[in-house]
Enquirer: 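Pasting a structure here, questions to come.
What you see is a predicted model, and the numbers here were worked out from it, not measured in a lab.
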Amino acid sequence: MQTVNVDMHFMVTGAEDLDALTSQVFEQLLNVEAVDPAITNAGLQSEIATGKVWIQVAAQSSDFSRAAITGSETILRAIRAAAEEPVRFELLEQNAAGAA
């Protein structure tokens, strides 16, 4: 099994309350962690003034690629579950690295 740390950096627009929105995204990630042993170490940081949000998870799968996909999909599902129109999460950067 391979564990991969997935980090995604977004610019969020259209959110009336970015702090509340990011709390909802983080709650969604924690819900996934609670039921899926392949997802751990969820984290979220935001800059309210700029609308920038960083989301991280560690994902485990049979190989690096599958773990990276699992982590990315988990983050995107959490965003979709928490955000509604007109909120947009524009992906600025994505990184995946094997966990030590």
Side-chain angles (χ1 to χ4, degrees):
M1 293 299 265
Q2 176 78 44
T3 301
V4 174
N5 294 318
V6 177
D7 300 307
M8 298 176 81
H9 179 193
F10 299 93
M11 173 65 72
V12 179
T13 56
E16 289 184 25
D17 186 347
L18 185 59
D19 190 43
L21 176 61
T22 55
S23 292
Q24 291 174 338
V25 172
F26 189 62
E27 284 296 318
Q28 292 294 326
L29 292 171
L30 293 178
N31 290 340
V32 172
E33 271 191 29
V35 298
D36 187 349
I39 302 297
T40 59
N41 297 330
L44 189 145
Q45 300 169 317
S46 62
E47 288 181 354
I48 302 300
T50 65
K52 293 182 180 176
V53 175
W54 294 264
I55 305 173
Q56 310 84 30
V57 297
Q60 189 176 55
S61 192
S62 58
D63 61 41
F64 183 92
S65 294
R66 289 176 196 248
I69 290 168
T70 298
S72 297
E73 288 177 346
T74 298
I75 290 170
L76 295 174
R77 277 193 313 269
I79 290 169
R80 283 191 298 270
E84 297 178 2
E85 291 291 333
V87 175
R88 290 193 53 222
F89 277 73
E90 178 186 349
L91 182 63
L92 300 175
E93 183 179 355
Q94 180 174 345
N95 298 297

Enquirer: Kindly assign one of parallel, tilted or perpendicular to the pair Phe10 and Phe89, based on the angle between their ring planes and the thresholds 30° and 60°.
Expert: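 It falls in the perpendicular class, over 60°.
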Enquirer: Please determine whether residues Phe26 and Leu18 belong to a single hydrophobic cluster, defined as Ile, Leu, Val, Met, Phe, Trp and Tyr linked transitively by side-chain heavy-atom distances below 4.5 Å.
Expert: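 Both belong to a single hydrophobic cluster.
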Enquirer: Going by heavy atoms in the side chains, are Val6 and Ile69 under 4.5 Å from each other?
Expert: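 Sidechains of Ile69 and Val6: no contact.
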Enquirer: Do Gln45 and Gln56 have side-chain heavy atoms sitting under 4.5 Å apart?
Expert: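 Yes, their side chains come closer than 4.5 Å.
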Enquirer: Apply the test side chain to side chain contact (heavy atoms under 4.5 Å, CB included) to residues Asp7 and Ile55: give CA-CA distance (whole Å), side-chain angles for both, the deciding distance (0.1 Å), then the verdict.
Expert: CA-CA 6 Å; Asp7 300 307; Ile55 305 173; over 6 Å; no
Enquirer: Nearest 0.5 Å, please: how far is CG in Asn95 from CG in Asn5?
Expert: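 Asn5 CG to Asn95 CG: 10.5 Å, rounded to 0.5 Å.
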Enquirer: Could you tell me whether a side-chain N or O of Glu33 sits under 3.5 Å from a main-chain N or O of Ala42, the two making a donor and an acceptor?
Expert: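 A pair under 3.5 Å: yes.
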Enquirer: Pick out which of Val57, Ile39, Leu44 makes a side chain to side chain contact (heavy atoms under 4.5 Å, CB included) with Ile75.
Expert: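 Exactly one candidate clears the test, Val57.
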Enquirer: Search all heavy atoms of Ala96 against all heavy atoms of Val4 and return the closest pair with its distance.
Expert: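 Minimum heavy-atom contact is CB-CG1, 3.8 Å.
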Enquirer: Please examine the side chains of Glu73 and Leu76, heavy atoms only from C-beta on, and report whether any two atoms are closer than 4.5 Å.
Expert: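 Contact flag for Leu76/Glu73 side chains = no.
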Enquirer: Quick one: OG on Ser46 to NZ on Lys52, what's the gap to the nearest 0.5 Å?
Expert: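 NZ of Lys52 is found 12.5 Å from OG of Ser46.
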Enquirer: Compare every heavy atom of Ala15 with every heavy atom of Val87, then report the nearest pair and how far apart it is.
Expert: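 Smallest heavy-atom distance, with atoms named: CG2-CA, 3.9 Å.
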Enquirer: Could you see if Leu92 belongs to whatever hydrophobic cluster contains Leu21? Use Ile, Leu, Val, Met, Phe, Trp, Tyr and a side-chain cutoff under 4.5 Å.
Expert: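 Leu92 and Leu21: separate clusters.
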Enquirer: Is there a path of hydrophobic side-chain contacts, each under 4.5 Å between heavy atoms, that joins Ile79 and Leu30?
Expert: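 Same cluster: Ile79 reaches Leu30 through Ile, Leu, Val, Met, Phe, Trp or Tyr contacts under 4.5 Å.
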Enquirer: Measuring from atom CG of Leu29 to atom OG1 of Thr40, what distance do you get when rounded to the nearest 0.5 angstrom?
Expert: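 Interatomic distance, Leu29 CG to Thr40 OG1, rounded to 0.5 Å: 11.5 Å.
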Enquirer: Is there a donor-acceptor contact under 3.5 Å from the side chain of Thr22 to the main chain of Asp19?
Expert: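 Checking the backbone N and O of Asp19 against the side chain of Thr22, a donor-acceptor pair under 3.5 Å is found.
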Enquirer: Just verifying a value: how many Å separate Glu90 CD and Met11 CE, rounded to the nearest 0.5 Å?
Expert: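 Result: 7.5 Å between the selected atoms.
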Enquirer: Shortest non-hydrogen contact from Ala67 to Ala59?
Expert: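 In terms of heavy atoms, the two residues are closest at O-CB, 3.2 Å.
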Enquirer: Which value, rounded to the nearest 0.5 Å, describes the distance between Thr74 atom OG1 and Arg77 atom CZ?
Expert: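 Taking OG1 in Thr74 and CZ in Arg77, the distance rounds to 4.5 Å.
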Enquirer: Do Met8 and Leu91 come within less than 4.5 Å of each other through their side chains, counting heavy atoms only?
Expert: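 Touching, per the 4.5 Å side-chain cut-off.
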Enquirer: Between Ser61 and Gln2, is the side-chain hydrogen bond (donor to acceptor under 3.5 Å, both in side chains) condition met? List the steps.
Expert: CA-CA 6 Å; Ser61 192; Gln2 176 78 44; over 6 Å; no
